[in-house]
Protein chains: 2
Amino acid sequence: MDNQKDIYNIGEDVCSINLIHEKSVENAKKALLTEDVYTDLSDTFRIFGNPTRLKIMSLLAVEDLCVCDISEALSMSQSAVSHQLRTLRGQNLVKFKKEGKQARYSLSDRHVVEILKIGIEHVLE
Amino acid sequence: MDNQKDIYNIGEDVCSINLIHEKSVENAKKALLTEDVYTDLSDTFRIFGNPTRLKIMSLLAVEDLCVCDISEALSMSQSAVSHQLRTLRGQNLVKFKKEGKQARYSLSDRHVVEILKIGIEHVLE
DNA sequence: TCGATATATGATAATTTGTTCATATGTACA
DNA sequence: TGTACATATGAACAAATTATCATATATCGA
């Protein structure tokens with residue numbers, strides 16, 4: 001028991017008494033996924049955490065558009081939009097197809113719209 | 001038409017030809033929500049964009065827990081956890097109830113679990 | 001009331017993020 | 001081949017974020 005206390009309290013600021021709700025903690029811990037999953041998951045959600053990217057995704061939920069269209073629609077510089085599209089591509093949230101000089105972007109994943117939808121529900125409630 | 005070009009091109013880096021896909025742009029723009037909604041929405045999603053907060057939410061999806069339990073479960077300092085709980089509270093993603101010296105936290109919204117679930121689906125595919 | 005414990009929070013430093021500016025790349029067409 | 005246009009990207013700088021440390025607040029029990 002003293003032994004166990006040491007295990008959980010290696011010079012850390014963690015709670016100093018042994019375990020407040022030991023059973024609950026053990027149970028909840030079982031639901032934790034691997035570190036990698038949380039890294040990927042937070043990387044993905046982070047992408048949704050920016051108004052410009054959300055607007056881009058909203059637009060693409062309606063129509064496939066080229067970079068220039070998006071710049072137009074959002075009154076933002078081509079550069080800013082292109083950088084954000086790159087970020088979105090990086091997490092596989094949008095994809096694109098070259099069409100001559102242009103690149104036509106579209107959402108790559110039904111999850112994108114689902115996540116947007118639930119987020120909007122949450123915000124509007 | 002020259003006139004119109006000026007409107008859309010006020011010294012900006014925006015596309016210099018008039019409108020590539022005018023109809024599509026007009027149509028997609030109709031789907032844009034207000035600036036406020038995008039601000040709230042990105043504030044909410046930003047919260048999901050951090051592994052520590054995701055882990056906290058995962059734990060709370062299983063069991064209501066006090067701060068100390070969470071510190072324990074994640075081997076993180078009480079301070080770090082408390083700061084993150086504050087952030088989560090700020091977006092109404094968790095709530096808490098004082099119980100004596102402790103504060104027992106729980107998820108405040110079914111949307112939290114739904115968003116987590118879809119996010120995990122996206123990541124694991 | 002005093003000491004221990006549970007939680008909250010202000011300040012700080014290291015890191016990350018988002019836009020802008022300048023420029024590069026690539027395609028079309030005259 | 002040369003020019004115009006659509007997109008991509010590197011550098012840079014300001015703003016935001018996250019964990020840590022130190023400390024404050026609040027509650028319980030002796």
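Naming: A, B, ... by sequence-line order, numbering from 1 per chain.
For the pair B/Arg89 and B/Phe96, the cation-pi test (distance below 6.0 Å, angle within 45°) is passed.
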| query | Under the side-chain contact (heavy atoms from CB on, under 4.5 Å) criterion, do A/Leu85 and A/Val67 qualify, and how do the steps go? | reply | CA-CA 8 Å; A/Leu85 285 168; A/Val67 180; 3.8 Å; yes
| request: Apply the test salt bridge (charged side-chain N to carboxylate O under 4.0 Å, His left out) to residues A/Glu121 and A/Lys117: give CA-CA distance (whole Å), side-chain angles for both, the deciding distance (0.1 Å), then the verdict. | output: CA-CA 6 Å; A/Glu121 275 177 31; A/Lys117 215 177 67 187; 5.5 Å; no
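For the residue pair A/Thr52 / A/Gln84, no side-chain donor-acceptor distance below 3.5 Å is found, with atom types taken as modelled. Under 3.5 Å, the side chains of B/Gln91 and B/Thr44 contain a donor-acceptor pair of N or O atoms. There is a side-chain donor-acceptor pair under 3.5 Å between A/Tyr38 and B/Ser58.
Within 4.0 Å (heavy atoms only), A/Arg104 reaches no atom of the nucleic acid at all. Within 4.0 Å of B/Thr52, counting heavy atoms only, lie sugar-phosphate atoms of the nucleic acid but no base atom.
Comparing A/Thr87 and A/Lys98 by the nucleotide of DNA chain C that holds the closest heavy atom to each, the one mapping nearer the 5' end is A/Thr87.
To the nearest angstrom, C1' of C/dG26 lies 13 Å from CD of A/Gln102. Computed from coordinates, the A/Leu65 CG to D/dA6 P distance equals 15 Å when rounded to whole Å. Nucleotide D/dT18 holds its P atom 13 Å from the NZ atom of B/Lys55, rounded to whole Å. For the pair B/Leu85 CG and D/dA19 P, the interatomic distance rounds to 12 Å; values are reported in whole Å. Rounded to whole Å, atom P of C/dG18 lies 15 Å from atom CG of A/Leu74. Nucleotide D/dT17 holds its P atom 16 Å from the CZ atom of B/Phe48, rounded to whole Å. Rounded to an integer number of Å, the gap from CG of A/Asp69 to C1' of D/dT7 is 13 Å. Summarising the geometry, the separation between CE on B/Met76 and C1' on D/dT18 is reported as 9 Å, rounded to the nearest angstrom.
Between B/His111 and A/His122, the ring planes lie perpendicular to each other; the angle is over 60°, past the 30° to 60° tilted range.
A/Asp69 contributes a side-chain N or O that, together with a main-chain N or O of B/His21, makes up a donor-acceptor pair within less than 3.5 Å.
In terms of phosphate contacts, B/Asn50 brings a side-chain nitrogen or oxygen within less than 4.0 Å of OP1 or OP2 of D/dT18. Proximity of A/Tyr105 to the phosphate of D/dA8: a side-chain N or O atom is located under 4.0 Å from OP1 or OP2. For the pair A/Gln84 and C/dT19, the criterion of a side-chain N or O lying under 4.0 Å from OP1 or OP2 is met.
A/Val62 and A/Met76 are members of different hydrophobic clusters when ILVMFWY side chains are connected at heavy-atom separations under 4.5 Å.
Ion pair B/Lys30/A/Glu63 not flagged as a salt bridge, since none of the NZ, NE, NH1 or NH2 atoms sits closer than 4.0 Å to an Asp/Glu carboxylate oxygen.
Using a 4.0 Å cutoff on non-hydrogen atoms, no part of residues 38-45 of chain B comes near DNA chain C.
Of the candidate nucleotides D/dA6, C/dA8, D/dT18, D/dA6 has the atom nearest to the side chain of A/Lys101.
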List, with names and distances, any nitrogen or oxygen atoms from the protein found under 3.5 Å away from nitrogen or oxygen atoms belonging to nucleotides 9-16 of chain D.
| residue | atom | partner | partner atom | Å |
| --- | --- | --- | --- | --- |
| D/dT9 | OP2 | A/Arg86 | NH1 | 3.2 |
| D/dT9 | O4 | A/Ser79 | OG | 2.8 |
| D/dG10 | O6 | A/His83 | NE2 | 2.8 |

